[in-house]
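In what follows, every chain begins at residue 1, and chains take the letters A, B, ... in the order their sequences are listed.
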Amino acid sequence: MEQQKQFEMAKVYAPREMEDRIYEMWEKSGAFKPKIDKSKKPFTIVMPPPNITGQLHVGHALDEMPQDVLIRYHRMKGDPTLWLPGTDHAAIATEVKVVEALRKEGRSKHDLGREAFIDRVWDWKKEYGGRIVKQLRKLGVSCDWSRERFTMDQGLSRAVRETFVRLYEKGLIYQGWRMINWCPCCQTSISDAEVEYEEQNGSFWHLLYPVKETGEMLELATTRPETMLGDTAVAINAEDERYRHLHGCHVVLPLINKEIPIVCDEHADMTKGTGVVKITPAHDPNDYEVGKRHDLPMVRVFTYDGHMTGKAEAEENARLIAEGRATKDEPVVLDCGVYAGMTTMEARKAIVRDLENLGLLKKVEPLTHEVGTCYRCHNTIEPMVSKQWFVKMAPLAKPAADAARNKDIVFVPERFEKTFLNWMDNTRDWCISRQLWWGHRIPAFYCDACAKVHVSREDLTVCPDCGAPLRQDEDVLDTWFSSALWPFSTLGWPDDTEDFNYFYPNSVLSCGYDIIFFWLARMVFSGIEQTGKCPFPVALMHGLVRDAQGRKMSKSLGNGIDPLEVIEKYGADALRFSLEIGVAPGADVRLSEEKIETYRNFANKIWNASRFALMNMQDFAPKGVPSKDKLALSDKWILKRFNDIVRTLTDNMESFDLGMGAYNLYDFIWSYFCDWYIEMAKHELNGEDAEARLATQETLNYVLTGLLKLLHPYMPFITEELYSYLPGHEGMLIEASWPEAKPEFDFDEEAARMDAVMDVIRAARNLRAEMKVNASKRATLILKPAAGMEPAFRLAEGYLNRLAAASSVEYLGAGDPTPEKAASAVTAGTALFIPMGELVDVEKELARLNKELENTLGEIKRSEGKLANPGFISKAPAALIEQEKDKIEKNKAHAEVLRERIGQLA
RNA sequence: GGGGUUAUAGCUCAGUUGGUUAGAGCGUCACGUUGACAUCGUGAAGGUCAUAGGUUCGAGCCCUACUAACCCCACCA
């Protein structure tokens with residue numbers, strides 16, 4: 001049976017053949033479902049929900065990696081482990097996609113109407129929403145698909161509504177006219193966090209406004225001349241001597257000849273430009289504040305779709321005002337006359353041209369400045385005064401910031417705590433209403449009869465006060481409003497469910513640092529407000545994926561790596577490892593196909609090491625743990641080193657040093673296990689001594705099995721496959737056990753002696769390489785062992801033969817003369833000689849030995865200098881002083897052997 | 001303007017609370033293939049740890065200043 005297995009095992013690792021099969025097996029076995037055990041502490045992570053519009057890209061792959069590694073580690077440790085997956089409805093992104101699809105059919109969402117449009121989006125969701133979820137499986141994510149959630153499913157919608165009503169009832173959600181960011185393209189408001197600033201080339205137009213009282217021209221500059229029709233004042237600084245005579249005066253707004261006041265306000269900066277600034281309260285955030293301070297009227301000149309307002313809009317507005325339905329906070333709409341209906345850009349040109357014709361354009365300066373753009377469509381944001389819903393942030397931000405300051409939430413790495421606090425301490429109210437159809441509709445109901453607003457957990461049709469019919473608010477909520485509840489809404493909150501009670505708070509939240517404000521911060525304050533608990537004690541951040549040159553991956557640069565393609569080519573394990581190895585928490589990752597190839601090669605290495613092990617375990621029935629009696633020196637050495645790596649890896653996992661853990665494993669498996677241990681084990685495995693062979697088989701099996709387990713969180717597929725081949729658990733899934741270091745295998749002394757032997761092997765190889773000896777040519781190795789080392793070398797002769805190409809090993813006593821026609825080297829007091837007859841160039845040999853002697857003497861001097869320093873003696877730890885003394889001893893012995901050899905050759 | 005990060009070998013990066021003669025991968029060069037693996041092995045070359053001070057018995061690591069690159073937030077009339 002086993003015999004067959006071996007021959008079935010391909011010589012080359014072929015991930016494609018196994019990964020889908022293994023994933024299916026995992027899913028069928030229910031391995032990813034936690035077993036709730038009240039006596040145990042669970043380990044929980046909720047997956048950042050990808051957008052249903054999404055296609056898997058390397059960013060997702062990076063996002064999943066730390067989570068899957070931690071989840072698999074904790075599952076192996078035996079913790080009831082839940083990784084909860086799901087998707088986000090992505091209000092704007094999805095709506096834009098579907099609107100686009102409709103446009104191709106020659107229709108608009110308004111042609112369909114609200115209900116039909118939403119049906120259409122659900123259809124779209126059914127068709128494409130599952131795509132990313134299928135693709136995620138290719139990465140090997142071990143989440144519990146039976147608990148998959150969607151931000152707009154019934155339960156989560158109820159959580160959203162409950163949250164909204166609670167916040168409203170506490171006065172933490174309010175509706176009002178405020179300055180907001182308006183995207184004329186998406187035709188919706190967006191939050192401050194959704195504005196991205198881009199550097200753009202623009203102009204600085206210097207305009208002249210005539211002063212009514214004095215007739216002089218007041219020069220001011222603007223980057224947005226199209227807003228001038230909405231100016232309701234001009235501001236100067238009260239301290240500005242240049243304009244002291246204008247206090248209380250007015251200017252006549254050109255083009256519409258409207259008289260507006262000159263006001264004194266701190267916003268006017270004397271050091272900038274002419275110190276005069278035009279004030280457009282309806283279209284600029286700063287001017288809005290100035291307007292409030294001076295009780296200036298607000299005049300709106302832009303429509304919500306990016307045109308200049310005209311007669312129709314102005315009349316509609318006038319009507320509302322006349323009927324008393326417009327509040328004081330609401331801007332007055334201007335009929336822009338000849339400019340009406342123009343886009344803002346057309347109006348800019350026309351207004352500048354007209355001003356120039358009037359001689360009121362003094363000059364135009366080019367400038368580059370940061371312009372706010374929509375994070376979705378990248379069109380320029382227009383600041384607008386608009387009626388929206390807001391979350392009052394101050395009372396929510398305070399406890400969230402406290403949680404970070406009290407370390408109820410810890411950031412990994414630490415520095416992101418500052419980013420988080422900086423935002424929490426300065427955040428402004430959150431605009432949560434979006435003028436979209438796809439999303440959670442705002443549960444506010446208006447009564448036109450009694451002008452009341454009802455916010456309710458249930459849909460209302462008639463006014464509870466007056467019985468008149470109600471109409472629901474047309475807007476939906478910011479998509480992040482629902483994702484902010486993700487750590488608990490997915491577990492059944494607001495109901496008192498078993499999942500919620502057991503798995504909340506979550507254990508860790510892992511996401512990219514680019515969504516700290518969008519998501520993480522909002523989860524923290526929402527969790528604290530709604531559940532009274534910080535939703536997770538640890539925020540593990542990761543960075544961005546970049547290309548080999550460190551650039552962001554983007555379609556326009558064409559430098560993207562398609563994860564599905566590279567999985568197809570190199571396997572998911574290779575991709576996973578590439579994204580994790582050597583990456584410090586929070587650091588960006590450079591990814592290239594070459595890098596992925598390197599770790600595919602690593603997988604192949606493991607594959608072949610296992611193949612080797614299996615070939616040598618045909619006749620072997622493991623007892624599980626090697627018995628100590630017959631272990632070879634190399635067995636003891638690897639058992640000790642394996643203990644070390646188990647301890648290290650466990651530390652790495654517990655401290656979230658996942659990149660370090662991967663690196664440690666790579667190094668251990670390739671160098672310690674493959675290059676050294678397997679090569680040495682060949683001696684015992686091919687030897688005559690049946691008991692020694694058995695002991696090595698036990699060791700090989702024990703260590704390899706353990707290594708596969710340690711590597712499993714990073715490379716789940718190949719480790720699962722190989723594990724199932726190893727004797728003792730053929731066909732089994734990797735059991736839920738994380739390896740433990742066994743103190744009885746801490747063979748410190750033997751390991752140290754083995755290391756000394758390895759030094760000699762390296763020195764011999766080095767000599768041979770320098771002498772350009774053909775690797776297949778064997779030669780006698782003559783050793784003059786350091787004190788007490790001869791027994792170790794005798795035990796290790798098999799390794800010396802095999803790894804240092806020694807045809808035989810001879811030993812010299814302390815007083816014995818050393819061979820002359822030999823290349824020589826000294827390591828830790830042991831001298832080694834390889835007789836090479838005439839090949840040896842005595843001059844070169846001497847030069848080399850002298851150089852080494854010089855180095856050694858230098859070292860001794862350095863150590864002696866240290867020890868001669870009274871400060872060092874009195875303050876350094878005793879162990880270090882001992883170490884330094886020890887070093888002198890060793891180096892002296894080393895130098896002695898070198899001198900002896902030099903003396904003999906010279 | 002506020003906050004943050006980075007600077008170590010040709011390239012990409014490690015380097016834990018300060019404690020050997022600063023490491024790895026890739027690349028380069030030399031040698032090597034008959035049975036785990038050329039998706040491989042062995043060996044070598046290559047670094048004044050950005051700069052200047054400081055603290056310390058001791059600094060790649062801590063502090064200050066400076067230089068350069070990058071990121072985030074705010075602002076730019």
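When the side-chain nitrogen and oxygen atoms of A/Asn766 are compared with OP1 and OP2 of B/rA44, one or more of them lie within a distance under 4.0 Å. Between A/Lys418 and the phosphate of B/rG4, there is a side-chain N or O to OP1/OP2 separation shorter than 4.0 Å. Contact annotation: A/Lys605 does not reach the phosphate of B/rA36 (side-chain N/O to OP1 or OP2, under 4.0 Å). Side-chain N/O atoms of A/Tyr197 include one lying less than 4.0 angstrom from OP1 or OP2 on B/rC75.
Cation-pi contact between A/Lys605 and A/Phe673: absent, since separation from the ring centre below 6.0 Å together with deviation from the ring axis within 45° is not met.
For A/Arg600 against B/rU39, a side-chain N or O and a base N or O form a donor-acceptor pair under 3.5 Å. Scanning atom types as modelled, one donor and one acceptor separated by under 3.5 angstrom connect the side chain of A/Glu679 and the base of B/rA36.
Here the P atom of nucleotide B/rU39 and the CG atom of A/Asn604 are 9 Å apart, to the nearest Å. Distance, A/Asp675 CG to B/rG32 P: 20 Å, rounded to whole Å.
In this structure, A/Ala221 reaches the sugar-phosphate backbone alone: every heavy-atom distance under 4.0 Å involves primed, P, OP1 or OP2 atoms, never a base. Within the 4.0 angstrom heavy-atom criterion, no nucleotide atom of any strand lies near A/Thr419. Looking at heavy-atom distances under 4.0 Å, A/Phe204 makes contact with sugar-phosphate atoms alone, never a base. Residue-level contact check: A/Lys875 touches the bases, meaning some heavy atom is under 4.0 Å from a base atom.
At least one side-chain heavy atom of A/Phe518 sits under 4.5 Å from a side-chain heavy atom of A/Tyr375.
Note on ring orientation: taking the six-membered ring where Trp is involved, the planes of A/Tyr13 and A/Trp607 are tilted (angle from 30° to 60°).
Across B/rU16 and B/rG23, the matching C1' atoms stand 14 Å from one another, rounded to whole Å. B/rA30 and B/rA45 are spaced 10 Å apart, taking the C1' atom of each and rounding to whole Å. Distance check on atom C1': B/rG27 versus B/rA44 gives 14 Å, rounded to whole Å. For the C1' atom pair drawn from B/rG35 and B/rG41, the interatomic distance equals 15 Å after rounding to whole Å.
Panel note: side chain A/His206, backbone A/Glu219; no donor-acceptor pair is recorded below 3.5 Å.
Pair assignment for B/rC70 gives B/rG4, based on Watson-Crick or G-U wobble hydrogen-bonding distances that are each under 3.5 Å.
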